[in-house]
Amino acid sequence: MNDFDFLTGSWTVTNRRLGKPLTGSDDWTVFPGTSTCRPLFGGGGNLDEIAFPTLGFRGCTLRLFDVEREEWSLYWANSRTGVLQPPVTGRFDGGRGDFYGDDLHEGAPIKVHYAWTGIETATPRWEQEFSADGGRTWEANWVMEFARA
């Protein structure tokens with residue numbers, strides 16, 4: 001529990017996102033964000049909202065700790081669709097958090113991976129990867145670098 005306490009508070013976020021994932025593209029876009037995260041259940045969960053002012057939308061992540069399984073479930077939604085996406089699940093080990101799940105990209109089934117690193121520093125980092133081959137190979141497509149606001 002309490003693994004995500006590092007994220008509580010307000011942040012500025014530098015985003016890098018791949019324009020066309022799973023196409024072999026190397027066309028990255030950089031854009032700003034601001035995020036605020038608040039704890040739930042005494043550290044057994046949290047909720048953050050992130051604004052992307054230059055893109056005109058917002059997102060939120062709900063994170064919940066399953067006490068019995070000792071793992072986190074992370075749920076993403078954004079203001080463009082208003083749909084809660086399927087969760088990624090996982091845990092932290094040695095200061096790194098890895099979370100995996102199944103999703104769709106442009107109608108095709110994929111695996112998705114979120115990685116949290118640098119959680120013990122003033123500049124944590126989140127990265128998203130997709131796999132179209134069942135997890136044999138991964139392609140990074142979104143990186144967020146956080147700094148205290």
Side-chain angles (χ1 to χ4, degrees), residues 1-65 71-106 110-133 135-149:
M1 218 158 93
N2 299 97
D3 291 318
F4 278 103
D5 285 358
F6 72 92
L7 199 54
T8 299
S10 296
W11 301 85
T12 59
V13 184
T14 301
N15 294 271
R16 285 186 333 116
R17 189 170 65 181
L18 189 60
K20 295 182 181 180
L22 301 175
T23 65
S25 172
D26 194 26
D27 183 24
W28 289 83
T29 302
V30 178
F31 55 95
T34 57
S35 176
T36 301
C37 182
R38 64 182 189 93
L40 301 169
F41 312 139
N46 68 29
L47 179 67
D48 75 44
E49 182 177 13
I50 187 164
F52 307 108
T54 61
L55 301 182
F57 78 99
R58 292 172 173 265
C60 73
T61 304
L62 172 64
R63 299 173 187 89
L64 298 169
F65 186 73
E71 72 177 12
W72 287 91
S73 294
L74 286 57
Y75 302 85
W76 165 258
N78 69 63
S79 62
R80 288 181 173 164
T81 65
V83 174
L84 194 61
Q85 298 298 313
V88 295
T89 59
R91 58 183 42 92
F92 284 86
D93 185 25
R96 177 186 170 96
D98 288 290
F99 308 90
Y100 295 89
D102 295 312
D103 208 339
L104 295 174
H105 177 68
E106 297 185 354
I110 61 165
K111 300 278 186 195
V112 63
H113 172 229
Y114 295 173
W116 276 100
T117 58
I119 65 169
E120 296 167 347
T121 73
T123 56
R125 175 184 167 110
W126 173 86
E127 186 171 326
Q128 174 179 272
E129 299 177 308
F130 288 167
S131 174
D133 60 12
R136 287 186 297 278
T137 62
W138 294 92
E139 177 185 73
N141 60 60
W142 196 340
V143 176
M144 293 182 176
E145 295 177 336
F146 289 74
R148 287 277 174 206

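All heavy atoms count here, side chains included; hydrogens, waters and symmetry mates do not.
Side-chain atoms of F4 and W116, non-hydrogen and from C-beta on, do get closer than 4.5 Å to each other. The side-chain heavy atoms of R17 and L55, taken from C-beta on, include a pair separated by under 4.5 Å. T54 places a side-chain heavy atom less than 4.5 Å from the side chain of P32. Counting heavy atoms from C-beta outward, L22 and E106 have side chains that stay 4.5 Å or more apart. Between H113 and S131, the closest side-chain pair of non-hydrogen atoms is not below 4.5 Å. Here the side chains of V88 and Y100 are not in contact, with every heavy-atom distance at 4.5 Å or above. Side-chain contact between T123 and E145 is absent, with no heavy atoms from C-beta onward closer than 4.5 Å. Contact check for Q85 versus D103: side-chain heavy atoms found under the 4.5 Å cut-off.
We find the CG-OG1 distance between L64 and T89 to be 12.5 Å, quoted to the nearest 0.5 Å. Taken to the nearest 0.5 Å, the CZ atom of F41 stands 10.5 Å off from the CG atom of N46. Remark: I50 CD1 to N78 CG distance equals 11.5 Å, nearest 0.5 Å. Here L18 contributes atom CG and D26 contributes atom CG; the two are 7.0 Å apart, rounded to the nearest 0.5 Å. Atoms CD1 and CD, from I110 and E139 in turn, are 10.0 Å apart once rounded to the nearest 0.5 Å. Note that CG of N141 and CZ of F130 are 4.5 Å apart. Values are rounded to the nearest 0.5 Å.
Using cut-offs of 30° and 60° on the angle between ring planes, the pair F92 and F99 is perpendicular.
R148 forms a cation-pi arrangement with W11, by the criterion of a distance under 6.0 Å to the ring centre and an angle within 45° of the ring axis. For the pair R63 and W72, the cation-pi criterion (under 6.0 Å, within 45° of the ring axis) is not fulfilled.
The environment of R38 atom CZ is sparse: at most 12 non-hydrogen atoms of other residues, nucleotides or ligands sit within 6.0 angstrom. More than 12 heavy atoms of other residues, nucleotides or ligands shown are found within 6.0 angstrom of CZ on F57. More than 12 non-hydrogen atoms from other residues, nucleotides or ligands lie less than 6.0 angstrom from CG of D133.
Residues L74 and T61 come closest through the heavy atom pair CB-CG2, 4.5 Å. In terms of heavy atoms, Y75 sits closest to P87 at CE2-CB, 3.4 Å. Nearest heavy atoms, F52 versus G59: CE1-N, 4.3 Å. Across every non-hydrogen atom of G44 and M1, the tightest pair is CA-CG, 3.5 Å. The two residues G42 and N2 have their closest heavy-atom pair at O-ND2, 3.3 Å. The minimum heavy-atom distance between L40 and L62, with the atom names listed, is CD1-CD1, 3.8 Å.
Side-chain atoms of S10 do not come within 3.5 Å of backbone N or O of A149 as any donor-acceptor pair. Distance alone, capped at 3.5 Å, places no donor-acceptor pair between the D5 side chain and the T8 backbone.
A salt bridge is defined here as a Lys NZ or Arg NE, NH1 or NH2 lying under 4.0 Å from an Asp or Glu carboxylate O, and D98 with R96 meets this definition.
With N15 as the partner, the side chain to side chain donor-acceptor pair (under 3.5 Å) test is satisfied by one option alone out of W142, W28, W126: W142.
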